[in-house]
Amino acid sequence: SFPGPAPPIRLALGALSPYAATRAVAYAVPGRDVQDPLIAASFGGRLLPLYVALWAVAAILCLWDMRRPTITGWGPRAVVGMMALWGTAYGFAWLVELVGTGQSSLWWQTAITYLGPAVVIVALLSVLRVVLQTIEDGLTMTASEAREHHEEAG
């Protein structure tokens with residue numbers, strides 16, 4: 001019989017947690033050369049510890065959600081939310097620089113590396129939810145049909 005929705009959801013959460021953890025570590029490394037939009041968005045770097053903490057919390061929430069596997073829990077929401085926030089910040093900074101100076105930095109690429117995967121994660125989790133629900137409905141329907149058949153025969 002089908003093992004249920006827990007393994008694929010745990011796998012998805014298990015992939016999101018290290019991603020968020022690596023983001024936390026990346027911003028926690030002393031002396032790291034951080035791009036200008038992030039420095040500007042963190043008031044000269046003063047908010048970087050907060051960003052590290054938010055990414056770490058997102059990683060922990062994904063691990064927490066693994067105990068009761070759900071793709072609509074706080075973990076996936078936190079990771080996708082942070083990715084959307086980061087991508088939007090870099091995209092906005094790129095647009096401001098482009099309009100202000102007429103020069104195009106590569107910040108649009110950084111924006112895409114956050115926004116693109118955020119969209120893909122939401123899409124994949126949505127597909128996973130539909131597939132798992134369809135399988136669960138099929139198993140439930142099969143069991144009830146078998147029960148009705150057994151009652152009619154008995």
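The model shown is predicted, which means the values in this text are computed figures rather than measured ones.
Closest heavy-atom contact between M83 and P117: CE-CB, 3.3 Å. Counting all heavy atoms, side chain and backbone alike, S17 lies closest to C62 at CB-CB, 3.7 Å. The two residues A21 and A59 make their nearest non-hydrogen contact at N-CB, 3.7 Å. Summarising the geometry of G87 relative to A111, their closest heavy-atom pair is O-CB, 3.3 Å, with the distance given to 0.1 Å.
Linking Ile, Leu, Val, Met, Phe, Trp and Tyr whenever their side-chain heavy atoms come within less than 4.5 Å puts V79 and V52 in one cluster. Under a hydrophobic clustering in which Ile, Leu, Val, Met, Phe, Trp and Tyr are joined whenever their side-chain heavy atoms come within less than 4.5 Å, directly or via other members, L13 and W74 fall into different clusters. Hydrophobic clustering (side-chain heavy atoms under 4.5 Å, transitive across Ile, Leu, Val, Met, Phe, Trp, Tyr) groups W107 together with M82. The cluster map of Ile, Leu, Val, Met, Phe, Trp and Tyr, joined by side-chain heavy atoms under 4.5 Å apart, puts W86 and L48 in the same cluster. Hydrophobic clustering, with ILVMFWY side chains joined whenever heavy atoms are under 4.5 angstrom apart, keeps V57 apart from V25.
Sorted by first then second residue, the side-chain hydrogen bond (donor to acceptor under 3.5 Å, both in side chains) pairs that include residues 111-125, not counting sequence neighbours, are R23-Y114, Y27-Y114. For residues 49-67, every residue pair satisfying the salt bridge (Lys or Arg N to Asp or Glu O under 4.0 Å) rule, not counting sequence neighbours, is listed here: D65-R68. Listed by first then second residue, pairs satisfying salt bridge (Lys or Arg N to Asp or Glu O under 4.0 Å) with a partner in residues 108-121 number zero, not counting sequence neighbours.
Qualifying side chain to side chain contact (heavy atoms under 4.5 Å, CB included) partners for V122, counting only residues two or more places apart in sequence or in other chains: V80, S126. T101 pairs by the side chain to side chain contact (heavy atoms under 4.5 Å, CB included) definition with E97, Q103, not counting sequence neighbours. A search for side chain to side chain contact (heavy atoms under 4.5 Å, CB included) contacts involving L98 returns W94, S104, not counting sequence neighbours. Residues satisfying the side-chain hydrogen bond (donor to acceptor under 3.5 Å, both in side chains) test with Y19, not counting sequence neighbours, are none. Residues satisfying the side chain to side chain contact (heavy atoms under 4.5 Å, CB included) test with T88, not counting sequence neighbours, are L115.
Through side-chain heavy atoms spaced under 4.5 Å, either directly or across other Ile, Leu, Val, Met, Phe, Trp or Tyr residues, V120 is tied to L124. Alongside V96, the hydrophobic cluster contains F92 (criterion: ILVMFWY side chains under 4.5 Å).
Rounding to the nearest 0.5 Å gives a distance of 12.5 Å between CH2 of W55 and CG of L50. Separation of atoms CD (Q109) and OH (Y90) is listed at 12.5 Å; rounding is to 0.5 Å. The CE atom of M66 sits 8.0 Å away from atom CG of L11, with the distance rounded to the nearest 0.5 Å.
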Let's go through L106 and W108 carefully: what are the C-alpha distance in whole Å and the side-chain angles of both, what is the deciding distance for side chain to side chain contact (heavy atoms under 4.5 Å, CB included) to 0.1 Å, and is it a yes or a no? CA-CA 5 Å; L106 296 180; W108 66 270; 4.2 Å; yes
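Side-chain atoms of P76 and L16, non-hydrogen and from C-beta on, do get closer than 4.5 Å to each other.
For T134 (side chain) and V130 (main-chain N/O), a donor-acceptor pair under 3.5 Å exists by modelled atom type.
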